[in-house]
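Counting starts at 1 for both ligands and their atoms, following the listed order. Given the structure is predicted, the values throughout are model-derived calculations rather than measurements.
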Amino acid sequence: MGRDLNTKDTTDTKGKGDSLYGVFSFVTFVSFVVFNGFSVQSYNPNEVPMNNKQLADTFTLIANLLEIKGEIIYKTLAYRKASESLLGLPRDASEFWKEGKLEEIPGVGKAIAEKIDELLSTGKLEFLEKIKKEIPEELATWLAVPSLGPKKVGMIWKTLGITSLSQLESAAKGGKLRDLPGMGAKSETAILEGIASLARRSGRLPLGRAYPLAQQIVAQLKRVKGVVAAEPAGSLRRMRSTVGDLDILVASKDSEAVMEAFTNLPNVSRVLGKGEFKSSVEFSDGIRAQVWVHPPNEFGTALQYATGSKDHNVLLRQLALDKGLSLSDHSFKKVKGGKEIFCSTEEEVYKTLGLQWVPPELREGRDEVALAKANKLPKLIEVKDIKANLHMHSTYSDGKLSMMDMAKAAMKRGLKTIVFSDHSVSLGVANGLSIERHKQQAAEIKKIQKQLGDQIMILHSSEVEIKADGSLDYPDDFLASLDLVVASLHSSLRQPREKITARLLKAVNNPHVDIIGHPTGREFPDREAADLDMEVILQAAAKSGVAMEISASPYRLDLDDPHARRARELGVLLSINTDAHSEEDYDMLHYGVAIARRAGVTKEDVINCWSTEKLLKWLKKRG
Ligand code: DGT
Ligand code: CA
Ligand code: ZN
């Protein structure tokens with residue numbers, strides 16, 4: 001799907017302390033906090049020596065990377081033994097260290113003791129840094145996928161040159177693993193299932209995975225006899241970029257039939273609870289879902305309740321009380337007694353409270369209730385307002401379709417403007433373009449434009465790498481010759497905050513750059529956002545006039561809504577793009593629009609909604 005390939009270069013610095021532990025960062029984080037809670041202060045308030053868990057994780061990482069490299073298992077045993085011993089150690093290793101008795105720890109010999117000493121005194125290990133230069137540490141996160149061992153990880157990496165879990169996922173989906181030695185179609189399925197179970201372990205589910213699944217469940221429940229309506233609720237209906245579990249609301253008088261159907265859906269592995277009106281299940285990939293069933297006459301109240309958020313619901317209940325009403329999960333009651341009020345639609349619920357209907361994306365308990373009361377909710381952007389796709393790819397770099405096919409697919413979807421922004425030269429893994437190839441591309445765009453006439457406008461751009469030092473991949477005069485410039489970070493994402501913020505600022509302030517693509521670089525499930533000072537970036541963007549992207553790719557959703565909201569407050573222009581690499585990617589647009597809606601964005605804030613004339617004028621002015 002619409003994702004950019006990432007370069008292998010993620011090994012330059014350690015970045016955030018916990019990134020070392022990849023998918024296990026949450027566990028590490030917890031143990032880190034617990035540890036710091038009591039013993040560090042009594043030891044040395046200025047330094048935070050590694051705790052036993054962190055030391056153990058470091059040795060496991062060394063062993064894993066060495067095995068991925070192809071080192072014989074015998075050579076990694078000492079690291080694994082030390083790791084195990086540290087985890088079971090009743091005292092802090094740092095206490096042995098202070099007493100000069102590290103070698104008294106079982107499984108710790110001279111070589112390991114020296115490494116612990118270096119880690120405790122400097123927080124770093126030269127030996128590990130060297131290994132990480134050879135073997136991207138991101139690969140170690142693959143080992144958490146149940147069906148993958150170090151040998152296979154090493155082989156896939158060396159053959160396909162991919163390093164992130166999300167790249168592994170798309171390779172498995174795209175059938176690119178089955179022909180590798182010792183692999184088959186079954187191994188691809190096993191890998192995909194394994195990745196899904198990891199997503200569960202790391203907590204929340206990306207919207208791009210949850211949304212289609214909820215649609216499927218809803219479609220299946222709608223077929224059950226007696227069902228009048230079925231809708232997703234919870235954080236999913238509010239379109240949060242990640243969701244905890246799936247909540248589904250059904251209107252039917254026959255709740256038993258719904259419960260029967262729900263608990264017997266394909267792939268249900270466990271029924272966690274089955275009641276008269278509410279049941280919850282776990283699917284074989286670990287995803288959890290619950291269903292509520294209410295009679296049709298109270299569906300509106302129940303849907304409103306189950307959509308949440310909790311904070312929004314608290315505000316509504318307070319408002320109800322002010323009107324002498326108590327609001328439950330299925331009805332209003334007069335506090336002083338009297339008949340219950342049932343609402344079959346949500347509109348009635350809000351009307352009863354004297355409010356405008358609030359779009360689910362805004363229901364987070366911020367200012368939306370006050371705005372609805374004053375009849376001042378913003379008119380949120382909709383998919384149909386988007387007239388242009390300003391960031392997409394073709395076979396010139398790593399896209400799946402030719403420019404002509406992408407243009408035709410865009411026309412089918414009613415787009416008026418498309419912009420080919422194929423990758424720039426240094427992104428070798430994504431087949432980045434030399435200036436020479438850009439010239440060919442420009443000529444071909446002219447030809448296609450002639451053939452398609454004024455049905456669609458096709459512009460020539462490039463998604464230009466912001467290199468590790470903040471410079472761009474092409475000289476200024478070439479950038480000036482392009483119709484539009486998208487600048488993005490794909491590599492060296494783990495630079496320290498100051499460095500990576502300064503690096504992105506350079507691009508924000510470059511007058512040739514028009515859009516900053518997927519600004520934080522995060523990718524589900526495994527690539528954390530770069531450690532950027534977004535306040536500084538957004539303030540600079542407001543000044544320079546560059547547009548910040550909301551990537552609609554369900555793997556990215558970047559900017560996410562908190563930053564998009566802040567951008568809007570500061571008057572920063574936004575650009576919602578699919579980063580399409582294929583025809584289907586165009587249809588991911590609604591995810592980006594949902595994120596924008598969560599941020600309170602209107603069509604005026606988004607350059608993709610502008611008329612062709614206005615867009616061209618803006619581009620011309622920017623140079
Ligand atoms: P999630 O699943 O963590 O992404 O977040 P939600 O918002 O889907 O929350 P969840 O699944 O715990 O509950 C679903 C909805 O049920 C929630 O959005 C609002 C409603 N709800 C749950 N607990 C409460 C509660 O204690 N009070 C009220 N008023 N509503 C609740
Ligand atoms: Ca939920
Ligand atoms: Zn792209």
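Nearest protein heavy-atom neighbour of atom 4 (O) of ligand 1: S235 OG, 2.5 Å. Ranking the protein heavy atoms by distance from atom 25 (C) of ligand 1 puts K310 CG, 3.7 Å first. Regarding atom 31 (C) of ligand 1, its nearest protein heavy-atom neighbour is Y305 OH, 3.5 Å. For atom 3 (O) of ligand 1, the closest non-hydrogen atom on the protein side is R204 NH1, 3.1 Å. Of the protein's heavy atoms, D245 OD1, 3.0 Å lies nearest to atom 2 (O) of ligand 1.
Ligand 1 lies within reach of T307, whose nearest heavy atom is under 4.0 Å from it.
Each of R565, R598, R240, R522 was scored for a salt bridge (charged side-chain N to carboxylate O under 4.0 Å, His left out) with D560, with one residue passing: R522.
Close approach of ligand 1 to V243 (heavy-atom distance below 4.0 Å) involves ligand atoms 4 (O). Heavy-atom contacts of R238 reach the following atoms of ligand 1: 7 (O), 18 (O) (cutoff under 4.0 Å). Taking a cut-off of under 4.0 Å to the non-hydrogen atoms of G234, the atoms of ligand 1 that pass are 8 (O). Shown in contact with D247 at under 4.0 Å from a heavy atom are these atoms of ligand 1, numbered in order with element: 8 (O), 11 (O), 14 (C). Short contacts between ligand 1 and G244, defined as distances under 4.0 Å to a heavy atom of the residue, involve ligand atoms 1 (P), 2 (O), 3 (O), 4 (O). Ligand 1 places these atoms under 4.0 Å from at least one heavy atom of R317: 28 (C), 29 (N).
Residue H393 counts as close to the Zn ion (ligand 3), with an N, O or S atom under 2.8 Å. Counting backbone and side-chain atoms alike, H391 contributes an N/O/S atom closer than 2.8 Å to the Zn ion (ligand 3).
Nearest N, O or S atom of D579 to the Zn ion (ligand 3): atom OD1. In terms of distance to the Zn ion (ligand 3), the nearest N, O or S atom of E463 is named OE1.
In this structure, OD2 of D247 and O of D245 enclose an angle of 100° at the Ca ion (ligand 2), rounded to 10°.
Contact annotation for atom 7 (O) of ligand 1: protein present (non-hydrogen atoms, distance under 4.0 Å). Closer than 4.0 Å to atom 12 (O) of ligand 1 lies none of the heavy atoms of the protein.
Between R437 atom CZ and Q441 atom CD the span is 8.5 Å, to the nearest 0.5 Å. The distance from the CZ atom of R238 to the OG1 atom of T307 is 8.0 Å, given to the nearest 0.5 Å. Remark: H391 NE2 to T578 OG1 distance equals 8.5 Å, nearest 0.5 Å. Rounding to the nearest 0.5 angstrom, the gap separating the CD atom in Q290 from the CZ atom in F262 is 8.0 Å.
No donor-acceptor pair under 3.5 Å is formed between the side chain of K506 and the backbone N or O of I466. Side-chain N or O atoms of E523 include none that pairs as donor or acceptor with a backbone N or O of S166 at under 3.5 Å. Side chain of D483 to backbone of H460: a donor-acceptor contact under 3.5 angstrom is found.
Annotation: side chain of F332 is in contact with side chain of C343 (closest heavy-atom distance under 4.5 Å). When side chains are defined from C-beta on, S279 does not count as touching V271, because their heavy atoms never get closer than 4.5 Å.
A side-chain N or O of E348 and one of T345 form a donor-acceptor pair less than 3.5 Å apart. A donor and an acceptor atom, one from each side chain of S331 and E340, are located under 3.5 Å apart.
Counting only non-hydrogen atoms, the option in G308, A210, A233, A306 that gets closest to atom 16 (O) of ligand 1 is A306.
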